[in-house]
Structure formats: structure tokens, C-alpha cells
Protein chains: 2
Amino acid sequence: MKYIEKLRNSGLRPTKQRLQICEVLFDTESTFHFTINQLEQRIKSKIDNKISLATIYNTVHAFEKKGYLKQIPINSNQTYFDTNVTDHHHFYDLKNEKLIDLENSDVGPINIKRKINGKKIKSIEVLVKLED
Amino acid sequence: MKYIEKLRNSGLRPTKQRLQICEVLFDTESTFHFTINQLEQRIKSKIDNKISLATIYNTVHAFEKKGYLKQIPINSNQTYFDTNVTDHHHFYDLKNEKLIDLENSDVGPINIKRKINGKKIKSIEVLVKLED
DNA sequence: TTGCTAGTTTATAATGGTTCTAAATAAGTG
DNA sequence: CACTTATTTAGAACCATTATAAACTAGCAA
Ligand SMILES: [Mn+2]
Ligand SMILES: [Mn+2]
Ligand SMILES: [Zn+2]
Ligand SMILES: [Zn+2]
């Protein structure tokens with residue numbers, strides 16, 4: 001199991017549930033965006049045992065804290081997460097409520113000229129809303 | 001009353017409640033960011049009669065639809081609105097949960113090179129998260 | 001002025017995503 | 001194994017937001 005060490009190194013016990021969630025999240029051809037509900041469905045369809053919704057929330061938040069997942073700032077009634085944790089930006093298709101990755105080369109470098117006293121920049125995120 | 005015509009021209013009846021909310025939102029030295037709860041408090045402190053929470057929600061959404069308010073894409077348990085409806089970007093101070101306007105000149109032009117078939121860009125929003 | 005009608009306000013209930021609780025279970029350690 | 005601490009879990013609680021449906025009001029025309 002390739003995720004056992006990853007979890008141990010993060011101080012997270014490699015439980016059956018966490019390992020299964022790892023497989024659903026990270027054993028994929030490409031990264032993807034998801035809500036908790038979508039992840040719950042994906043887990044249901046890929047594994048036989050049940051994982052409680054509370055555990056899914058707990059695990060997603062634990063992984064986010066460890067930097068294995070990112071939250072995407074977007075106005076929605078559900079929180080969106082991203083398995084692509086590199087710095088990148090997004091299209092948001094308003095009609096289909098779908099996020100699409102933008103490469104940094106699609107956006108170009110962003111240089112924030114203004115400084116706020118005593119604060120430093122943690123992240124810069126661009127959201128490009130799309131309509132028909 | 002300077003807002004009566006503005007509302008009529010938008011197809012919104014200039015009710016007492018809407019006019020009072022207009023005053024709280026737009027009779028200000030500068031634009032500002034707010035959540036519904038913050039707006040509710042501000043209304044309470046500035047007017048004598050009561051405006052129901054449902055009306056505050058209705059009015060904010062009506063004004064948003066007419067373009068008098070903007071929603072700011074940010075991950076929070078509460079939705080943030082902006083009385084500054086020009087195209088502009090934001091700092092988000094994670095510790096104080098405060099938004100700060102960035103002028104376009106602080107960010108520079110953003111040129112999205114990638115196109116999505118059949119879609120056009122509705123808005124481009126940059127969120128710069130700040131930490132200590 | 002007086003009705004009429006569609007729009008608006010309101011208290012309150014319902015919704016639903018997320019978090020909390022506390023008991024059961026499992027992992028790590030020696 | 002014995003022990004401690006972390007994790008899982010079902011279900012309750014939370015709370016921002018939306019829906020409901022009845023009372024009220026603005027606009028308009030007779
Ligand atoms: Mn979180
Ligand atoms: Mn809205
Ligand atoms: Zn992404
Ligand atoms: Zn702003």
C-alpha cells in the first residue's frame with residue numbers, strides 16, 4: 001500500500017477508511033475537483049464497505065490541513081476541493097457548475113504591487129467565470 | 001429621495017424598506033464589504049423600524065441581480081457582498097476575515113489566453129489571501 | 001377616491017451542508 | 001496482552017439561506 005507511509009509521515013494513522021479515500025482521491029489519471037457529496041458518491045461506487053459521512057468530512061479536512069487537498073474559493077452552497085494542489089487558477093462554468101483548471105501559462109504572472117503592513121501573501125487565486 | 005427613481009427604473013417598487021436599505025448601502029463615504037448578518041446589524045443601528053431578515057435577503061438578492069451589489073467568491077460560511085460593483089480584486093485577511101479592495105493598477109492586466117468553446121468570460125476575479 | 005392587481009413584506013418553517021457529540025472501535029507501543 | 005490515544009460512527013445540533021403563505025402596499029385605472 002503506497003499511501004501507508006505517506007499517512008504515517010504526516011502523523012495520520014493509516015486506517016482502512018483513509019487508505020480507501022486516498023485511492024479514490026489520488027489513484028486517478030488526472031486531478032479533479034469535487035464537493036463532499038460528489039466524493040461520497042464516488043466512494044460508494046468504488047468500495048464495498050461503508051464510510052460514514054463524518055469520516056469523509058474528517059478525512060478531507062485532515063488532508064487539506066496536510067496540504068494534500070486544496071479548497072477552491074467560489075460562491076456555492078457546497079465547498080469545492082481540488083486534488084491538484086499546485087498553484088493554479090480556474091475557469092468556473094456557471095451553467096454546468098463545473099471547474100476547469102487553468103495553467104499558469106494561460107493566465108500569465110500576476111504581480112501584486114500593493115503591500116499590507118505586517119501581512120504576507122499566502123496565495124493568489126484567479127477565478128474566471130464563464131457564461132454562454 | 002434620490003433612490004426612488006433608481007429603483008423605479010430597475011422595475012423595483014420603491015418601498016420604505018428598500019429605500020432605507022439603499023441609504024445604509026449607498027449613502028456612504030466609501031464602498032464596503034458585508035455579510036447579511038453585518039448588514040442586518042447596520043440596519044438595526046441606523047433605522048428605527050424593523051426590517052425582517054427575509055426582506056434583507058430579498059433586497060440584497062434583488063440588488064445583486066440588478067447589478068447594484070456584487071457577490072465576492074470566497075470560502076466562508078457566510079456570503080460576502082460588495083457595494084463596489086466596478087471590476088476589481090481583493091485581499092483577504094485570513095486572520096481578521098476582512099476583505100480589502102485592490103485597484104486594478106495594483107494587480108495589472110490579466111489576459112486569459114485559453115478559450116473554452118462556446119463560452120465567454122463573464123468576470124475575472126483575483127483573490128489574494130494574506131497571513132501574518 | 002376607490003377598487004383591483006401584481007409586487008412586497010413578514011413571521012415562521014423548512015432545507016441542507018457542515019460541525020459536534022459521545023460511545024464504540026482500531027492503531028500504536030512496550 | 002494491556003494500555004493509551006486516535007479514529008470512526010450514527011445521530012443530533014447548528015446555522016446560513018431559502019421557501020411558504022398570509023398580510024400588506026404601490027401603482028394604476030375606472
Ligand atoms: Mn475546511
Ligand atoms: Mn444570491
Ligand atoms: Zn484545479
Ligand atoms: Zn471590493
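Letters A, B, ... are given to chains in the order of the sequence lines, protein chains preceding strands, and every chain is numbered from 1.
- One can place CG of A/L53 at 11 Å from P of C/dT19, the figure rounded to the nearest angstrom.
- Using a 4.5 Å heavy-atom cutoff, the side chains of B/R114 and A/I100 are in contact.
- For A/N58, the listed nucleotide lying nearest its side chain is D/dT9; candidates were C/dG17, D/dT9, D/dA16.
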Next item on the list: Check the pair A/S76, A/Q78 against side-chain hydrogen bond (donor to acceptor under 3.5 Å, both in side chains), reporting the backbone distance first and the verdict last.
Entry: CA-CA 5 Å; A/S76 166; A/Q78 293 183 227; over 6 Å; no
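- Using a 4.0 Å cut-off, no side-chain N or O of A/H61 falls inside it from OP1 or OP2 of C/dT18.
- Dashed line: the shortest gap from a side-chain N or O of A/Y57 to OP1 or OP2 of C/dT19 is not under 4.0 Å.
- Between the CG atom of B/L39 and the P atom of D/dA16 there is a distance of 14 Å, given to the nearest Å.
- When the side chains of ILVMFWY residues are joined at heavy-atom separations under 4.5 Å, either directly or via intervening members, B/F34 and B/V85 end up in two distinct hydrophobic clusters.
- The side chain of B/T55 has C/dT9 as its nearest neighbour among D/dA26, C/dT9, C/dG28.
- Here B/T15 reaches the OP1 or OP2 of C/dT9: one of its side-chain N or O atoms lies under 4.0 Å away.
- At the heavy-atom level, B/K50 lies under 4.0 Å from the strands shown only through sugar-phosphate atoms.
- For A/L7 and C/dG28, the CG to P distance is 10 Å, given to the nearest whole Å.
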Checklist line | Evaluation steps, side-chain hydrogen bond (donor to acceptor under 3.5 Å, both in side chains), between A/D82 and A/H88 | finding: CA-CA 11 Å; A/D82 198 338; A/H88 68 285; 2.9 Å; yes
Polar atom pairs between nucleotides 3-7 of chain C and protein, under 3.5 Å, N or O only, would you list them?
{"unit_1": "C/dG7", "atom_1": "O4'", "unit_2": "B/R13", "atom_2": "NH1", "d": "3.4"}
{"unit_1": "C/dG7", "atom_1": "O4'", "unit_2": "B/R13", "atom_2": "NH2", "d": "3.4"}

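- As a whole-Å value, the separation of B/F81 CZ from D/dA16 P is 14 Å.
- In this structure, CG of A/N37 is placed 15 Å from C1' of C/dT19, rounded to the nearest angstrom.
- Proximity of A/T79 to the phosphate of C/dG17: no side-chain N or O atom is located under 4.0 Å from OP1 or OP2.
- Cation-pi geometry between B/K6 and B/F26 is met: under 6.0 angstrom from the ring centre, within 45 degrees of the axis.
- B/Y68 and B/S10 share a side-chain donor-acceptor pair at under 3.5 Å.
- The separation between A/Q71 atom CD and C/dG17 atom P is 16 Å, rounded to whole Å.
- Regarding B/I56, its CD1 atom lies at a distance of 14 Å from the C1' atom of C/dA11, rounded to whole Å.
- The other residues sharing a hydrophobic cluster with B/I74 are B/I72, B/Y80, B/Y92, B/L94, B/L99, B/L127, where clustering joins ILVMFWY side chains under 4.5 Å apart.
- Considering only side-chain N and O atoms, A/Q17 lies under 4.0 angstrom from the phosphate OP1 or OP2 of D/dT9.
- Remark: P of C/dG17 and CD of A/E40 are 10 Å apart, rounded to the nearest angstrom.
- Side chain of A/Q20 to main chain of A/Q17: no donor-acceptor pair is present (N/O by atom type, distance under 3.5 Å, no hydrogens or angles).
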Tabulate protein N/O versus nucleotide N/O from nucleotides 21-23 of chain D, keeping only pairs under 3.5 Å, one per line.
none

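- For the residue pair B/D101 / B/N84, a side-chain donor-acceptor distance below 3.5 Å is found, with atom types taken as modelled.
- Minimum atom distance to the side chain of B/A54 is reached by C/dA11, of the listed C/dA27, D/dT18, C/dA11.
- In this structure, B/R18 forms no cation-pi arrangement with B/F63, as its terminal cationic atom is not both closer than 6.0 Å to the ring centre and no more than 45° off the ring axis.
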